[in-house]
Enquirer: 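Here it is, the structure in full.
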Amino acid sequence: MYASVVRKQSIYLHEQEITEVSMGTEVHAGLSAEQKQLPAKFFYDKQGSELFDAITRLPEYYQTRTELALLERNVDEIASLMGEQGYLMELGSGSSTKIRLLLEALEPEVYIPMDISREHLIASANRLADDYPWLDVHAACVDYSQHWDVPDFGPGRYNAFFPGSSIGNFVPDKARALLEQVSKLVGKGGGLLIGVDLKKDVDILEAAYNDARGVTAAFNLNMLRHINEQLDADFDLDKFEHEAVYNEVESRIEMHLKCTQAHKVSVDDVVYEFEQGETIHTENSYKYSVEGFQHLAGKAGFSPVRHWCDEAELFSIHYLKAA
Ligand code: AVI
């Protein structure tokens with residue numbers, strides 16, 4: 001299933017084929033649904049990953065800095081719970097200072113970053129391998145919204161790190177299935193350190209997804225450009241606008257691309273009609289209470305060990321053990 005390529009002495013790249021066929025299939029399925037939708041994972045080409053990095057630095061987007069401050073404040077306790085050395089997987093690209101804190105505190109033998117965006121993954125794996133020459137980096141290009149695997153490194157202590165509340169981008173059933181996969185990967189006694197955004201005042205939430213500089217809008221629209229580039233599609237980005245609203249009933253921010261005028265879009269020779277005001281649902285970002293998240297993780301085979309929240313209770317980090 002994997003072609004393994006030695007990049008340099010301590011970097012290996014493991015690739016799971018993410019084919020255009022599967023992108024096409026998912027795009028057609030999404031655009032044929034009554035409420036048109038496109039999977040959030042298609043945000044993340046090189047440009048999308050860069051735009052997301054810019055989002056994490058926005059004043060309105062409290063999540064990244066709050067999670068980082070929590071990690072910095074509690075890194076010693078976290079390291080003592082996770083245990084030094086062993087194998088550390090990260091769901092996400094590993095370009096941030098968060099993983100550096102953990103790598104320095106845990107000094108794992110092997111670090112396994114996983115990401116769907118190949119270029120971003122390789123660039124950040126190279127940077128980390130340069131900065132930590134003692135570390136073996138096994139970068140895995142995988143779509144973790146589907147079934148995936150990483151190479152078997154044999155017995156040892158396995159921990160996974162899933163920062164940034166990316167778990168919130170999965171509907172609860174999928175989030176549970178993903179956590180179940182992680183619990184199988186880390187094995188009995190293995191751990192998961194995960195960042196989870198909390199329920200809070202709607203104004204704070206909506207501001208975080210409607211930033212004044214329009215970076216989130218550009219990120220949302222970039223999905224259409226990415227699809228145009230990958231498929232034979234002709235989305236006109238000027239005919240859509242960004243929309244992000246909190247859905248209280250579902251406890252989630254919903255991002256949509258709203259069509260500003262009636263028109264047609266062709267994707268691989270299939271024509272889709274858009275009415276003015278109609279939207280494409282591009283992302284959900286679920287918000288949890290601490291107990292709500294622990295309940296979900298419990299259903300996936302994890303038991304809570306410890307969690308940390310900031311004073312304003314904006315964000316939480318949980319350390320869980322696979323039962
Ligand atoms: C990656 N994920 C956790 C982000 C979020 O907040 O749901 C993606 C994002 N979408 C808009 N802004 C950030």
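Just so we're clear, the structure is a prediction, and the values are computed from it rather than from any experiment. First listed ligand is number 1; within each ligand, the first listed atom is number 1.
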Enquirer: Which residue, Asp310, Ile317, Leu314, forms the side chain to side chain contact (heavy atoms under 4.5 Å, CB included) with Glu67?
Expert: Ile317

Enquirer: For Arg225 and Asn228, does a side-chain donor sit closer than 3.5 Å to a side-chain acceptor?
Expert: no

Enquirer: Is Ser166 in polar range of ligand 1, meaning some N or O pair under 3.5 Å apart?
Expert: no

Enquirer: Find all atoms of ligand 1 within a distance of less than 4.0 Å from any non-hydrogen atom belonging to Gly164, and give their numbers and elements.
Expert: 3 (C)

Enquirer: In the protein, what heavy atom is nearest to atom 7 (O) of ligand 1, and what distance, to one decimal place, separates them?
Expert: Ser285 OG, 2.6 Å

Enquirer: Between Phe240 and Phe274, does a ring pair (Phe, Tyr, Trp, His ring centres under 6.0 Å) hold up when you go through it step by step?
Expert: CA-CA 10 Å; Phe240 290 90; Phe274 284 83; 5.3 Å; yes

Enquirer: For ligand 1, which atoms have a heavy atom of Ser165 less than 4.0 angstrom away?
Expert: 3 (C)

Enquirer: Report the C-alpha separation of Glu104 and Arg100 in whole Å, then their side-chain angles, then the decisive distance to 0.1 Å, and conclude whether the salt bridge (Lys or Arg N to Asp or Glu O under 4.0 Å) test is met.
Expert: CA-CA 6 Å; Glu104 285 165 27; Arg100 289 169 182 265; 5.7 Å; no

Enquirer: What protein heavy atom is closest to atom 1 (C) of ligand 1, reported as residue, atom name and distance in Å?
Expert: Asn169 OD1, 3.3 Å

Enquirer: Is any side-chain N of the basic residue among Glu243 and Lys258 closer than 4.0 Å to the acidic one's carboxylate O?
Expert: yes

Enquirer: State, without any angle test, whether Tyr62 and Asp197 hold a side-chain donor-acceptor pair at a distance under 3.5 Å.
Expert: yes

Enquirer: Hey, does Tyr286 sit under 4.0 Å from ligand 1 if you only count heavy atoms?
Expert: no

Enquirer: Find all atoms of ligand 1 within a distance of less than 4.0 Å from any non-hydrogen atom belonging to Tyr44, and give their numbers and elements.
Expert: 1 (C), 8 (C)

Enquirer: Let me know which of Lys264, His28, His263 forms a side chain to side chain donor-acceptor pair (under 3.5 Å) with Tyr272.
Expert: His28

Enquirer: Around atom 9 (C) of ligand 1, find the nearest protein heavy atom and jot down its residue, atom name and distance.
Expert: Glu283 OE1, 3.6 Å

Enquirer: Between Phe43 and ligand 1, find which residue part has any heavy-atom pair under 4.0 Å and reply side chain, backbone, both or neither.
Expert: neither

Enquirer: Would Tyr61 count as a contact residue for ligand 1, given that I'm defining contact as a non-hydrogen atom of the residue lying under 4.0 Å from a ligand atom?
Expert: yes

Enquirer: Side chains of Glu107 and Tyr132: is there a donor and an acceptor less than 3.5 Å apart?
Expert: no

Enquirer: Can Gly168 be said to touch ligand 1, with heavy atoms closer than 4.0 Å?
Expert: no

